[in-house]
Amino acid sequence: MTIKAVFFDQDGVLYNSMPYHAESWAWAMTKHGLPYTAMETYRNEGRTSVGVIQELHQRMYGTPASPELVEAIYKDKTAHFTEMTGGFPGIIPDVDRVLNFLHEHGIACWVVTGSGQKNLINALNGTFNNVFSGIISSFDVQKGKPDPEPYLKAWERCGFKKEECVVVENAPLGVRAAKAADLFTCAVNTGILPDSDLAAEHADKIFPDMAALLQWFETTITNNL
Ligand code: MG
């Protein structure tokens, strides 16, 4: 396969943010009467915050959550996340090596995230050596993951054929979105879910960490030079 573009998910792939997202979501939801666990956060990763809150509220109380409640939960969640991370969660080990390798080999790197956290999105190019050709965030799409729209948008904008594009994801619903967009998908299991959750969404490859992904890129790309 000839790779010309790689689409990276943000949370749990570029930033080591998932443990803090999980903890702060569980804390804020539970505080507002919606019992929620870190494990559920990992399973729901990729869904919009409002969607997750509404679903849980509907299940618990049989009614939709008010806009005020949604806002209060989101505010508390963000405050807790910022308190734990100082605003910046750090990067996934070795992902900078993956990005630098691809960039040096002329492969376009894109970010495709459901995140709407502006401080983290704005920090992407500064954090990762300006390697990104483009960023698709929640501000660019009507439907978030697991809908294929975010990945289809990146594919349309990058200008390459589908078979020349690869997705790097960590979350089951992210893999579902990428596969629904008909893209080759590498899952890197950086979280607490079993590999079988990623396999169930038909990830083409599953790696335990970024060093293993880098090795695969090195082999695949060098063989095509
Ligand atoms: Mg992710």
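In each ligand, atom 1 is the first atom listed, and ligand 1 is the first ligand listed. Computed from heavy atoms alone, side chains included, the values below leave out hydrogens, waters and symmetry copies.
For the atom pair CD (Q10) and CD1 (I136), the distance works out to 13.0 Å, reported to the nearest 0.5 Å. The distance from atom NZ of K4 to atom CZ of F160, rounded to the nearest 0.5 Å, is 6.5 Å. The structure places CG of L214 at 10.0 Å from CG of N100, a figure rounded to the nearest 0.5 Å.
For the pair K153 and F7, the cation-pi test (distance below 6.0 Å, angle within 45°) is failed.
Around the Mg ion (ligand 1), protein atoms of type N, O or S found under 2.8 Å number 4.
Remark: the Y15 side chain and the Q117 side chain contain no N/O donor-acceptor pair separated by less than 3.5 Å.
For the side chain to side chain contact (heavy atoms under 4.5 Å, CB included) criterion with N170, the lone passing option out of L193, D9, D11 is D9.
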